[in-house]
Amino acid sequence: MRLVLRAVALASFAAAVAAAHAQGVIKIGEVNSYKAQPAFLDPYKKGMELAVEQVNAKGGVNGKKIELVIRDDNANPGDAVRVAEELVSREQVDLLAGAFLSNTGLALADFAKQKKFFYLAGEPLTDKMTWQGGNQYTFRLRPGTYMQAAMLVPEAVKLKKKRWALVYPNYEYGQSAVAAFKTLLKAAQPDVEFVAEQATPLGKVDAGSVVQALADAKPDAIFNVLFAADLSKFVREGNTRGLFKDRTVVSVLTGEPEYMDALKDEAPNGWIVTGYPYYGIDTPAHQAFLKAYEAKYKDYPRLGSVVGYSMIMSAVAGIDKAKSTDPDKLVAAFKGLQVDTPFGKISYRAEDHQSTMGAYVGYTKNEGGKGVMVDYAYRDGADARFQPSAEEVKKSRATD
């Protein structure tokens with residue numbers, strides 16, 4: 001009998017400890033394409049971990065420590081939903097976060113809508129995340145394709161080039177970026193012509209044929225949306241065949257060190273890009289982040305580091321404001337939420353749940369066999385030029 005009572009007591013104690021542990025932890029379920037996109041997501045994961053470490057060192061949020069529960073989605077929307085379901089039902093996470101690819105991000109956004117569960121998208125750039133596919137339970141951190149195009153178009157207009165060619169990965173992000181660029185450039189420069197489009201399979205670009213097709217069209221300038229290994233192949237083949245000689249390239253994401261570093265001595269000169277010149281941002285907020293990151297990892301941050309860090313800090317600020325992890329209370333708290341990030345203070349817009357995080361716009365330069373950004377400036381996402389108005393959002397966004 002004593003053994004039975006002792007076993008019952010131990011079981012009760014274990015259950016009490018487990019319950020106490022659960023009460024003392026806030027779980028963030030993070031879903032991403034780590035195996036498919038390591039260049040961006042390895043630094044991103046480090047940024048998240050640095051944020052969690054800093055938050056927990058100060059006592060957590062609302063008296064609870066933050067815990068990351070990370071899953072890989074295999075760069076597949078179906079797998080993204082499957083692991084999200086596992087995180088919610090089995091791991092009992094308090095909110096979902098993450099996604100890199102736009103198609104997996106949209107799948108998670110739809111999951112959040114169906115389950116009425118809070119989801120903070122860090123990276124997916126398609127405008128459908130916050131417009132046509134936007135929903136009450138989904139918020140996004142990074143500037144989307146419309147915002148990045150809006151930041152680049154003024155520079156493109158200054159070129160006074162009439163004939164443009166376009167190259168992009170043929171999935172949601174690439175299609176969205178090209179659509180935004182074409183619309184905005186045509187509005188600013190009505191006589192522009194789009195003389196060629198090369199839509200390539202993600203991760204499987206046939207660089208030789210793509211470069212030849214673009215060269216045959218004889219464009220005055222090129223708008224590029226390729227990234228990661230596809231970008232490296234495109235640049236290498238373009239350099240070999242002289243595609244970029246006497247042609248300006250306007251390019252989304254290329255100035256990010258994740259992709260510039262991979263180009264090494266093949267990095268192009270004079271491309272107009274969005275990116276992250278970590279080596280030259282001297283604001284107090286960025287310097288504090290840079291020093292902490294370098295001290296922890298003995299390495300410099302990439303843009304993914306900033307995104308991962310800022311996403312966790314956004315989640316923490318939202319939980320702190322809501323004083324809860326209840327999805328509806330988090331939704332209410334995130335509308336107008338202000339967050340301190342390495343890029344300065346940002347806020348989340350109530351009308352479309354898009355943050356005002358901006359991007360750096362500048363020129364590429366091959367400096368000693370390494371690509372860097374020069375003549376850059378920060379474009380603040382709070383600037384009305386770079387985001388649609390509430391009225392425009394209402395027209396495109398489905399009813400929550």
Q. Are Glu123 and Arg140 close enough, and set up right, to give a salt bridge (charged side-chain N to carboxylate O under 4.0 Å, His left out), and what steps lead you there?
A. CA-CA 8 Å; Glu123 171 68 16; Arg140 178 174 61 190; over 6 Å; no
(Q) Working note: Glu294 + Lys298, criterion salt bridge (charged side-chain N to carboxylate O under 4.0 Å, His left out); need CA distance, chi angles, decisive distance, verdict. (A) CA-CA 5 Å; Glu294 289 179 335; Lys298 305 299 184 288; over 6 Å; no
For the rings on [X] and [Y], is their centre-to-centre separation under 6.0 Å?
| X | Y | answer |
| --- | --- | --- |
| Tyr278 | Tyr360 | no |
| Phe194 | Phe223 | no |
| His286 | Tyr276 | yes |
| Phe139 | Phe334 | yes |

Q. Out of curiosity, Tyr378 OH to Thr283 OG1, how far, rounded to the nearest 0.5 Å?
A.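 Reported to 0.5 Å precision, the distance equals 9.5 Å.
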(Q) Just verifying a value: how many Å separate Met129 CE and Tyr173 OH, rounded to the nearest 0.5 Å? (A)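 With rounding to 0.5 Å, CE (Met129) is 15.0 Å from OH (Tyr173).
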If the threshold is 4.0 Å, N to carboxylate O, is there a salt bridge linking [X] and [Y]?
| X | Y | result |
| --- | --- | --- |
| Lys158 | Glu155 | yes |
| Glu266 | Lys233 | no |
| Arg349 | Asp352 | yes |
| Lys264 | Asp261 | no |
| Asp79 | Arg82 | yes |
| Lys182 | Glu197 | yes |
| Glu391 | Lys395 | no |
| Arg71 | Glu30 | no |
| Glu85 | Lys115 | yes |
| Arg142 | Glu256 | yes |

Q. Are Leu41 and Leu125 connected, step by step, through hydrophobic side chains (Ile, Leu, Val, Met, Phe, Trp, Tyr) whose heavy atoms are closer than 4.5 Å?
A.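 Yes.
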Tell me whether [X] contacts the main-chain N or O of [Y] through its side chain, where contact means a donor paired with an acceptor under 3.5 Å.
| X | Y | value |
| --- | --- | --- |
| Asp326 | Lys329 | yes |
| Trp164 | Lys161 | yes |
| Tyr309 | Tyr293 | no |

Q: Could you check whether the rings of Phe234 and Phe244 sit parallel, tilted or perpendicular, using 30° and 60° as the cut-offs?
A: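 Perpendicular: the ring planes of Phe234 and Phe244 meet at over 60°.
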Q) Of all heavy-atom pairs between Gln287 and Ile281, which one has the smallest distance, and what is that distance? A)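 Reported closest heavy-atom pair: NE2-O, 3.0 Å.
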